[in-house]
Amino acid sequence: MNFDPLNTAPELQGGVIECPEFDLDLTLNSGQVFHWIPAFEGFEGCIGETPCFIRQKENLLYYQGGNAVLIRNYFALDHNLSLIRDSCANHPASYDAAKACRGLRIMRQPRWECLATFILSPMKQVAHIRQMSLALRMGYGRKLSGSSVPAFPEASVLASVTERDLRQCGLGFRAGALRETSRRISSGDFDLENLSSMNTEDARKALCSLPGIGRKVANCILLFAYERLDVVPVDVWISRVLVSFRSRKAKSAEELERYGQRLLGPYAGYIQQYLFHRARTEKSKYPRKLKSIGSRPSYSKTAKASPRRILKTK
DNA sequence: GACCAGGTGCCAG
DNA sequence: CTGGCACATGGT
């Protein structure tokens, strides 16, 4: 091991594990997780409350903090990617995307931080979600010795601060939803662990009862924190992709979702992630003009230009 | 400045 | 059930 040690905290033990068919960089930048920061040609962050530094060199994963079992589980190194890829081999466009994203894995994220983070996601770009997530961690999360990225704040903490405070983190209109959801969870009114024993449909319905969580966000949570690998979150990008796959046009986002599941098979959520990544990174293959379903708000043209512009500081 | 971002909630017809 | 709009913020 020749990388620079991030620090010398005694609790950070180093180690290395094999990771065939894994692309750490691709996985951490695919829009499923938002708190890993590039450092020393690797990434620093945390897995739940465990501070961690990770760096990949070919088929080896070097780490400080955590342990091999924790890391293998978090990055889902046990998923059989060739099996998953082959599950869509009958659909050329998807198969191409899957092959182009070789090594991208759908991780197993801690429930609460995944749920809370995706409440932040509506009408935000991946880079912005990252900003908000880090602002919340810095402001209200537990400091972890060994990583400059704090843990995600507990629900009870977020429930105890004001909506104003949350808006200070750049959350905008999402602040109220995050606060109220935090309250529902920290009060014991809503139990995230219960969902894991429920079927996907029931779990989705339960998630959608929380403020700020609609079908799309619920699907992200089911896919990224409950390992429901067949679930397809339909956002602007996936909407464009699926629309481009067929001539007949869909009437609703939900119909597109069913179409996606049928088309992409038992690992539709995984394949969706490949398509999402490709659509987002391959420039202008999917025109933004196309009115995609259920996501493009039409801002009122009559609304007056905000006077807030005047008080803009700096 | 206009446009857009891993949408949701609410309300009218 | 469907269509239309408001909701905050920041980057290109």
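Note on naming: letters A, B, ... go to the chains in the order of the sequence lines (proteins, then strands), and numbering restarts at 1 for each one. Below, all heavy atoms of this structure are taken into account, side chains as well, without hydrogens, waters or symmetry copies.
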Base, sugar-phosphate, or nothing for [X], non-hydrogen atoms under 4.0 angstrom?
{"X": "A/Arg167", "value": "sugar-phosphate"}
{"X": "A/Ile213", "value": "sugar-phosphate"}
{"X": "A/Phe224", "value": "base"}
{"X": "A/Gly170", "value": "sugar-phosphate"}

Task: Where at least one partner belongs to residues 208-223 of chain A, residue pairs that pass salt bridge (charged side-chain N to carboxylate O under 4.0 Å, His left out), sequence neighbours excluded - done: A/Arg215-A/Glu254, A/Arg215-A/Glu257
Task: Face-on cation placement of A/Arg111 at A/Tyr226 ring, 6.0 Å and 45° thresholds - done: yes
Open item on the list: Check this one for me: any side-chain N or O of A/Gln131 less than 4.0 Å away from OP1 or OP2 of C/dG11?
Closed with: yes
TODO: Could you work out the complete set of other residues in the hydrophobic cluster of A/Val149, with links drawn between I, L, V, M, F, W and Y side chains under 4.5 Å apart?
DONE: A/Ile37, A/Leu134
Open item on the list: So that I can compare with my own list, what are the stems of DNA chain B, taken as at least three consecutive Watson-Crick or G-U pairs with distances under 3.5 Å?
Closed with: B:2-5 with C:9-12, B:7-13 with C:1-7
TODO: Could you pull out all residues at least two apart from A/Phe75 that satisfy ring-ring contact (aromatic ring centres under 6.0 Å, His included)?
DONE: A/Phe22
- [ ] List in chain and number order the residues that pass side-chain contact (heavy atoms from CB on, under 4.5 Å) with A/Asp86, two or more places apart in sequence or in another chain; answer none if no residue qualifies.
- [x] A/Tyr95
TODO: Residues of residues 105-117 of chain A with any non-hydrogen atom less than 4.0 angstrom from an atom of DNA chain B: list those, numerically ordered, please.
DONE: none
Open item on the list: Would you compute the distance between atom CZ of A/Arg280 and atom CD of A/Gln125 and round it to the nearest 0.5 angstrom?
Closed with: 9.0 Å
Task: Minimum-distance nucleotide (side-chain atoms of A/Lys124 versus C/dC7, B/dG6, C/dT9) - done: C/dT9
